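On a predicted model such as this, the values are computed, not experimentally measured, just so you know.
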Amino acid sequence: MIAGRYTVGREIGRGGMGAVHLARDEVLGRDVAIKRIGMLPGATTPDLERAEREARLAAMLNHPHVVSVFDLVADQDQHWLVMEYVEGESLADRIRSNGPIDHADAAGIIWQVADALASAHEAGITHRDVKPSNILLTPTGQAKLTDFGIAKSQADASLTQTGLVTGSPAYLAPEVASGTGAGAPSDVWSLGATLFHMLAGSPPYDVADNLMGGLYKVVHEEPPRLPDAGPFDELLRSTMVRDPEARWSMANVRDRLLEIRDARPGEGTTTTQVMPAVPAAATEVIDEPVGPVRPVPPAQPVPPAEPAESAAPAAVAAGSPERRPRWPWVAALAAAAAVVLVLVLLNSGDKADDDPEQAATEEPSSQSTSESPTQTTSDQPPSPTAASTREEVAEFVTTYLSTVTSDPATTFEMLTPAFQQASGGYGDYSGFWGTIESAQPSNIRVNPKTLTVTYDVTYQTVDGRTLNESNVLQLARSGDGYLIAGEP
């Protein structure tokens, strides 16, 4: 029992701050959702600060389409965020299970989210991580926006840092992807990108295999359009526009969505029977465990057009024994855009949905989906097959977990710079893993198209306890290997 009041039950979700469990409030006799700060014992100060921010900002909003935060409690050395329990599924899960959302349901769902965001903006609060995995859907068709963990109010300067990028890459506004900072117009873009995902069945940008390349497209290229958007075409063109000043306000978006919804009576009030989650755009998901790992040819990175020639090399983290190979153009793009990514997943990932999430529904790149070796020359290694990618990823995860408890300095360099930031830096990262004696993975399952890996793991803590979890990692290609980009 937590704080003498909350009885913790099964895990019902996983976000950027850790696992979410169903719990019972024994005082008021109701179900709640409770989220522990950090995945395992040893909560960190940055996580606690984020939880306090989420609780404070969510408490400022009393809206039917915002998940309510009830309490922030401490129990011994653990901190817990107590929230409204929403029975149902996330929008990301709905799309993965059933594919694109029809226009009728889409209007009703996205209007509710726009209404919540319009209220937040009126209160001076920017959400900064609007995406399908942060929208919960009840069986009665109600939508609720959750995870204000990286939200910011106008009076809160704690997250204002030069070059800091917060949010999920597939839904980031161009100004945020370039490091300028997030505001209300950024939420408008992210809502438009979420609507795009609903209608198309996949996010507007493919960031699963090429994170920096995806961000480059967001910043420098015109946004994609849907030829069959119907009544939503104007909305997409007015929300996903690169100039923040040219975007509609969230109130205008909400009002236009209401017109679209009311033009079709009953729109948005029906729901579809939930089916087993199968990523709509990732048909190569492998459910069976991966077999023995064998050496395979390395992947060939694909650089963007004309990278800057004067860029400085990527920084090496203090205390790191060796830096893994990086694409030569990543540093150039980072210097040009001043991008230091902070990926929030939570899930996955969803998350890129977002998401394993983040990227289970994103369109795969030709590099990662080739099922047969292409003809090569002596100067170019062959593209990886799906089977070789699964083996590479399985070996990477096994090596990571077998090394992290004894040599966290080495494994910290197996994280992308963005995920290093999201993990609280090396101090928090090594402090957490210092509480774990060993981590033994099993039942490793790899999606070679999206580079997401799901596995079960048994932890032995330094105080003698045994803990079992199911985890999801989002990987990104880096030179001839991989880096961990997030935990959707």
- Message: Using the rule given for side-chain contact (heavy atoms from CB on, under 4.5 Å), can you reason through Val82 versus Val69, listing the C-alpha separation, both sets of side-chain angles and the distance that settles it, and then say yes or no?
- Response: CA-CA 6 Å; Val82 183; Val69 172; over 6 Å; no
- Task: Please lay out, stage by stage, how Leu72 and Trp80 fare under the test side-chain contact (heavy atoms from CB on, under 4.5 Å).
- Result: CA-CA 6 Å; Leu72 180 64; Trp80 303 79; over 6 Å; no
- Task: Just do the side-chain contact (heavy atoms from CB on, under 4.5 Å) check on Leu475 and Leu483 with the steps written out, would you?
- Result: CA-CA 6 Å; Leu475 304 187; Leu483 295 176; over 6 Å; no
- Query: Could you go step by step and tell me if Ile12 and Tyr85 meet the side-chain contact (heavy atoms from CB on, under 4.5 Å) rule?
  - Reply: CA-CA 10 Å; Ile12 56 176; Tyr85 170 58; 3.8 Å; yes
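Without hydrogens or angle criteria, Arg10 side chain to Ala23 main chain gives no donor-acceptor distance under 3.5 Å. When atom types are taken as modelled, the side chain of His127 and the backbone of Asp147 share a donor-acceptor pair closer than 3.5 angstrom. Side-chain atoms of Glu11 do not come within 3.5 Å of backbone N or O of Glu469 as any donor-acceptor pair. Panel note: side chain His65, backbone Gln112; no donor-acceptor pair is recorded below 3.5 Å. Not a single donor-acceptor pair under 3.5 Å links the side chain of Arg390 to the backbone N or O of Pro448. Distance alone, capped at 3.5 Å, places no donor-acceptor pair between the Thr138 side chain and the Glu87 backbone. Distance alone, capped at 3.5 Å, places no donor-acceptor pair between the His63 side chain and the Leu117 backbone. A side-chain donor-acceptor contact under 3.5 Å links Arg247 to the backbone of Pro185.
A pairwise comparison of heavy atoms in Asp105 and Asp102 identifies N-OD1, 2.8 Å as the closest pair. Considering all non-hydrogen atoms of both residues, Val188 and Ser249 come closest at CG2-C, 4.2 Å. Considering every non-hydrogen atom in both Leu191 and Ala114, the closest pair reads CD2-CB, 3.8 Å. Here the shortest heavy-atom pairing between Thr194 and Val130 reads OG1-O, 3.8 Å. Leu226 and Ala200 get closest at one heavy-atom pair: CD2-CB, 3.8 Å. Ala193 approaches Ala170 most closely through the heavy-atom pair CB-O, 4.4 Å.
To the nearest 0.5 Å, atom OG of residue Ser423 and atom CG of residue Asp428 are 9.0 Å apart. Distance check: Tyr6 OH to Leu22 CG gives 13.5 Å after rounding to the nearest 0.5 Å. Distance check, rounded to the nearest 0.5 Å: CD1 of Ile109 to CG of Leu257 gives 11.5 Å. Of the inter-residue distances, the one linking Leu236 atom CG with Leu199 atom CG reads 6.5 Å to the nearest 0.5 angstrom. We find the OG-CG distance between Ser190 and Leu195 to be 12.5 Å, quoted to the nearest 0.5 Å. The CD atom of Gln142 lies 10.5 Å from the CG atom of Leu136; values are rounded to the nearest 0.5 Å.
For Asp75, there are no salt bridge (Lys or Arg N to Asp or Glu O under 4.0 Å) partners, not counting sequence neighbours. Residues satisfying the side chain to side chain donor-acceptor pair (under 3.5 Å) criterion with Lys144, sequence neighbours excluded, are Glu84. Under the side chain to side chain donor-acceptor pair (under 3.5 Å) criterion, Asp31 pairs with Arg24, sequence neighbours left out. Among residues two or more places apart in sequence or in another chain, the side chain to side chain donor-acceptor pair (under 3.5 Å) test is passed with Glu26 by Thr7. Under the side chain to side chain donor-acceptor pair (under 3.5 Å) criterion, Ser186 pairs with Glu175, not counting sequence neighbours. Residues passing the salt bridge (Lys or Arg N to Asp or Glu O under 4.0 Å) test with Asp456: none are found, sequence neighbours excluded. Applying the salt bridge (Lys or Arg N to Asp or Glu O under 4.0 Å) criterion to Glu222, with sequence neighbours excluded, gives Arg242. Evaluation of the salt bridge (Lys or Arg N to Asp or Glu O under 4.0 Å) rule for Arg256 yields Glu234, Glu259 as partners, not counting sequence neighbours. With sequence neighbours excluded, no residue forms a ring pair (Phe, Tyr, Trp, His ring centres under 6.0 Å) with His21.
Annotation: side chain of Leu91 is not in contact with side chain of Asn134 (no heavy-atom distance under 4.5 Å). Side-chain atoms of Asp25 and Phe70, non-hydrogen and from C-beta on, never get closer than 4.5 Å to each other. Leu215 is listed as a side-chain neighbour of Pro169, based on a closest heavy-atom distance under 4.5 Å. Looking at heavy atoms from C-beta onward, Val453 lies in side-chain contact with Ile444 at the 4.5 angstrom threshold. When side chains are defined from C-beta on, Pro203 does not count as touching Phe196, because their heavy atoms never get closer than 4.5 Å. Taking the side chain as every heavy atom from C-beta outward, Val253 and Thr239 approach each other to under 4.5 Å. Two residues are said to be in side-chain contact when any heavy atoms from C-beta on lie closer than 4.5 Å; Ile484 and Phe396 meet this criterion. Counting heavy atoms from C-beta on, the side chains of Val20 and Ile34 never come closer than 4.5 Å.
The list of salt bridge (Lys or Arg N to Asp or Glu O under 4.0 Å) pairs with a residue in residues 183-197, not counting sequence neighbours, is empty. Within the structure, salt bridge (Lys or Arg N to Asp or Glu O under 4.0 Å) contacts touching residues 107-127 (residues at least two apart or in different chains) are Asp115-Arg254. Every pair tested for salt bridge (Lys or Arg N to Asp or Glu O under 4.0 Å) that includes a residue from residues 59-72 fails, sequence neighbours excluded, so the list is empty.
With no hydrogens or angles considered, a side-chain donor-acceptor pair links Tyr482 and Arg477 at under 3.5 Å.
Note: Trp189 and Tyr205 have parallel aromatic rings, judged against thresholds of 30 and 60 degrees for the angle between ring planes. Taking the six-membered ring where tryptophan is involved, the planes of Phe232 and His103 are perpendicular, since the angle between them exceeds 60° and thus also 30°.
Under the 4.0 Å criterion applied to side-chain N and carboxylate O atoms, Arg237 and Asp233 are assigned as salt-bridge partners.
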